[in-house]
Every structure is written in structure tokens, then in C-alpha cells.
Amino acid sequence: MTIEVDDDRVASRARTDRTVKLERVRDLLDRRGAASVALTSREALGWLLDGARVSVPMGGDPVLSAVVDREGATLHVYENELDRLVAEELGDLGGFEVRAVPWFAPLPRAACLAEADVAADLRALRADLLPQELARYRTLGRDAAAAVTRLLATLRSEHSEREVAALLAREIVAIGAEPAVLLVAGQDRLGLRHPLPTHAPLGRRAMIVVGARRAGLMANLTRWVGDEPGAAETAVRLHKVEADAFAATRPGRALSAVLADIATSYERHGFGPDEWRRHHQGGPTGYVGRDPRATPSASDVVVDGQAFAWNPTAPRHKAEDTVVVSHGVVEVLTVDPAWPAAPVRGILRPQPMPFD
């Protein structure tokens, strides 16, 4: 099977996008009364550089750092990575100076502010997705969802969890993405909230969780195959909790307040009052799987046009998709028309795909 990949890592990097981002960082410097800031994390660099692949091992440390000041940005890049990054990843370098660093030397990060000093500020800067970012995200969401559909439509109950994870990884790589998360639980392991794949067979019902990264952005989704007694009724109730999470995601609200609404929603829909404590509920997403995870003390506020991946869970159940909430409208990014779905409060939500 041949898959055509629209590789937008270079083509969509217009100078206007980076100009807005540099302006946001300069505003941050003004607020902090600082002359410069060093960006060193994969999420900050991926955001600044419009999704450039800044690491070589998946999950590894970046191979460059960026010092941003009021004049522009200086990229310090390991010498052995420089040609590839300039040719394939960095795109239009307007406003950026590139300096080579020996592969054996530490990456320069001297600046008035370290990234850790302004981590919450930087999360806020990248929360408001720019039009080109949103376009890339929509394409990734559709591609990732379709890749999962292609594979799961072929599964049989005797497939092992590891076989499924390996096939999923192939599908994700084939669309030009990186498989950042691959979780698979067959019927005997559905009680686990983070089921790393094992040799166990899928059996009559299984859960598949995928996190796919492309152009810096993360698409998160969970899908189910098969059935068991009582599953359909519980899934409907859990989707109602998810719908409450969407409704609570309003601009200006602290993540802690949104989480409090989600927590009370569980009992309202027939779950135990402490169910929300048994697993994290997700939160904002984008250049990180959760940016940040919603907790009772999370003070980050919801931004209009921000991406979220809420994931309410219950025993043997979970719901998750990547969405953007803009002007009160929930847009599901990780959607494939070929996957069975049913409306929940006006939003189509995935239903389990039956085994053949």
C-alpha cells in the first residue's frame, strides 16, 4: 500500500507565522523586563520553528537551542545536524541566525531568562493556535484517525497486543508521523488505565490509544473494538462526562475549575464520586501530549482556539479525541468518517468497531 504524504514541515513555514511568534516572545520579554530568553525544550523549539523535528531519538533531547531577543533569534545547532535541519526542517530563516556547535560541546543557552523561568508564559504563547498551525493540526488529526481505522478494521480477536502496537506504529510512520504513544489492552487487561502492550490476545473487546506527532503537533485518540455485556451503556454515560468537559472548557477559566466540573460530572452520570481521582483527565494539548495536564492546582487558563485532549475514564472504559474549542464550538480533529459514530449533545463520538 502506498500512502501519499503531504509533508508540510517545510512548505507551510511562512515568515508571517514566525513573525507572530517572535512578537509574542518579545512581548513576554517586555513583561518580564528581560533582554533575551533561551528556548531548549522540544515543545518550545517545535512551536517556534513551525514543527521542525528538533530531536533525533524519539523523545530525545533537541539537537539545537534558540536564544530569542528583541532583534530576532539565534539558533545554535550541532554541526553534524546542521545540513539536514537547514535543508529539510527549518524552512525560511528570515529573522533567524544559525550558528554551528561542535557535536561534543554543550548547546549554548546563555540568556537573561531560562525556559524554566517562564514555562507557564510559554505555554500561554503557544495555546492560541495560528491559522497555519490549525491547518497542520486538522490534516494530522484526519490522517491519524484514518490510519487507526485502516488497521483496526482488519483486526481479529486472536491478534496479540504487541502485534497491534507494531502494526499501528507502521501506519503512523507511513503518514509521516512519529508514534509517541501506543497503548493496547485486550479484554483481560482493560482494568489498566495505561496498558503498555504485552503478548496477551485482544479477545472479544480491546482498547487502542495512539499519540501521533507530526510537524511538532500531537494528535491523541482512543478507539475500541469488540463488545462485552454492559459496555455500550457505560460508554454512553462516559461520553456524557466528556460532553460536560467540553462545555466546561470556556476561555478565561482556570484548568483547575474545568477539572472540578469534570469531577462532579462523574457522579451525575452514575459513576463514583472519586472516579476522577483514579486517572488523570487530560487537558490542553498541541506541542505536548498534555500542555499541561489539568490538576486541582493548575492555574493555566483556557484560551479561545486552543486544542484539548480530555480523557475521562472508568473501569474498562475511556474516551479521548483531540479537539479545538473556538467561540464555543467543539471541532473534533481526530475524526474519520469511516469510523462508526453517534451524536452526543450534537457532537459525533466514536462507537466501538465490531470484529468480523
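In what follows, residues are counted from 1 in the order of the sequence shown.
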Looking only at heavy atoms, what is the nearest atom pair of [X] and [Y], with distance?
X	Y	value
V68	A73	CG2-CB, 4.0 Å
E267	P273	OE1-CB, 3.6 Å
A144	L221	CB-CD2, 4.4 Å
E275	T313	CG-O, 3.7 Å
S36	V67	CB-CG1, 4.1 Å
K21	L130	CE-CD1, 3.9 Å

Cation-pi check for Y287 against R42: NZ or CZ below 6.0 Å from the six-membered ring centre and within 45 degrees of the axis, yes or no? no
Measure from NZ or CZ of R156 to the centre of the six-membered ring of F355, then state whether that distance is under 6.0 Å and the direction lies within 45° of the axis. no
Do [X] and [Y] touch side chain to side chain, with heavy atoms closer than 4.5 Å?
X	Y	result
T19	L22	no
V101	P108	yes
T40	L45	no
R290	H280	yes
E320	R223	no
V324	F308	no
M353	W339	yes

Sole residue of V303, D300, L255 in side-chain contact (heavy atoms from CB on, under 4.5 Å) with P284: L255
Salt bridge or not between [X] and [Y]? Use side-chain N to carboxylate O under 4.0 Å.
X	Y	result
D143	R214	yes
R277	D274	yes
E115	R109	no
R316	E228	yes

Checking Q281 against Y266 for the side chain to side chain donor-acceptor pair (under 3.5 Å) test, could you report, in this order, the C-alpha distance in whole Å, the side-chain angles of both residues, the deciding distance, and whether it holds? CA-CA 11 Å; Q281 302 300 303; Y266 275 94; 2.5 Å; yes
Checking [X] side chain against [Y] main chain: does a donor-acceptor pair fall under 3.5 Å?
X	Y	result
E89	R53	yes
R123	V118	no
Y137	A219	no
E81	V63	no

With sequence neighbours left out, what residues match E79 under salt bridge (Lys or Arg N to Asp or Glu O under 4.0 Å)? none
Using salt bridge (Lys or Arg N to Asp or Glu O under 4.0 Å) as the criterion, list what pairs up with R162, not counting sequence neighbours. none
Distance col, row D50:CG vs E133:CD, nearest 0.5 angstrom, shows 7.0 Å
To the nearest 0.5 Å, what is the distance between CG (L90) and CG (L49)? 6.0 Å
Test of understanding: with ring-ring contact (aromatic ring centres under 6.0 Å, His included), list the residues that count as partners of H279, not counting sequence neighbours. H194
Determine which pairs satisfy salt bridge (charged side-chain N to carboxylate O under 4.0 Å, His left out) with at least one residue from residues 247-257, sequence neighbours left out, and list them in order. R253-D261
Run the side-chain donor-acceptor check on residues 341-349: report pairs under 3.5 Å with partners two or more places apart or on a different chain.
| from | atom 1 | to | atom 2 | distance (Å) |
| --- | --- | --- | --- | --- |
| R345 | NH1 | D244 | OD1 | 2.5 |
| R345 | NH2 | D244 | OD1 | 3.2 |
| R349 | NE | E242 | OE1 | 2.7 |
| R349 | NH1 | D321 | OD2 | 3.1 |
| R349 | NH2 | E242 | OE1 | 3.4 |
| R349 | NH2 | E242 | OE2 | 2.9 |
| R349 | NH2 | D321 | OD2 | 2.9 |

Among the clusters formed by ILVMFWY side chains lying less than 4.5 Å apart, do L39 and L217 turn up in the same one? yes
In sequence, state the C-alpha distance, the side-chain angles, and the governing distance for V323 and L333, and then conclude on side-chain contact (heavy atoms from CB on, under 4.5 Å). CA-CA 5 Å; V323 306; L333 302 185; 5.9 Å; no
Steps toward side chain to side chain donor-acceptor pair (under 3.5 Å) verdict (T285, D291): CA-CA 5 Å; T285 188; D291 195 22; over 6 Å; no
Pairs involving residues 55-74, ordered by first then second residue, that meet side chain to side chain donor-acceptor pair (under 3.5 Å) (sequence neighbours left out): D30-R70
Worked check of side chain to side chain donor-acceptor pair (under 3.5 Å) between S265 and W276: CA-CA 9 Å; S265 174; W276 70 277; over 6 Å; no
More than 12 heavy atoms of other residues, nucleotides or ligands under 6.0 Å from CZ of R84: yes or no? yes
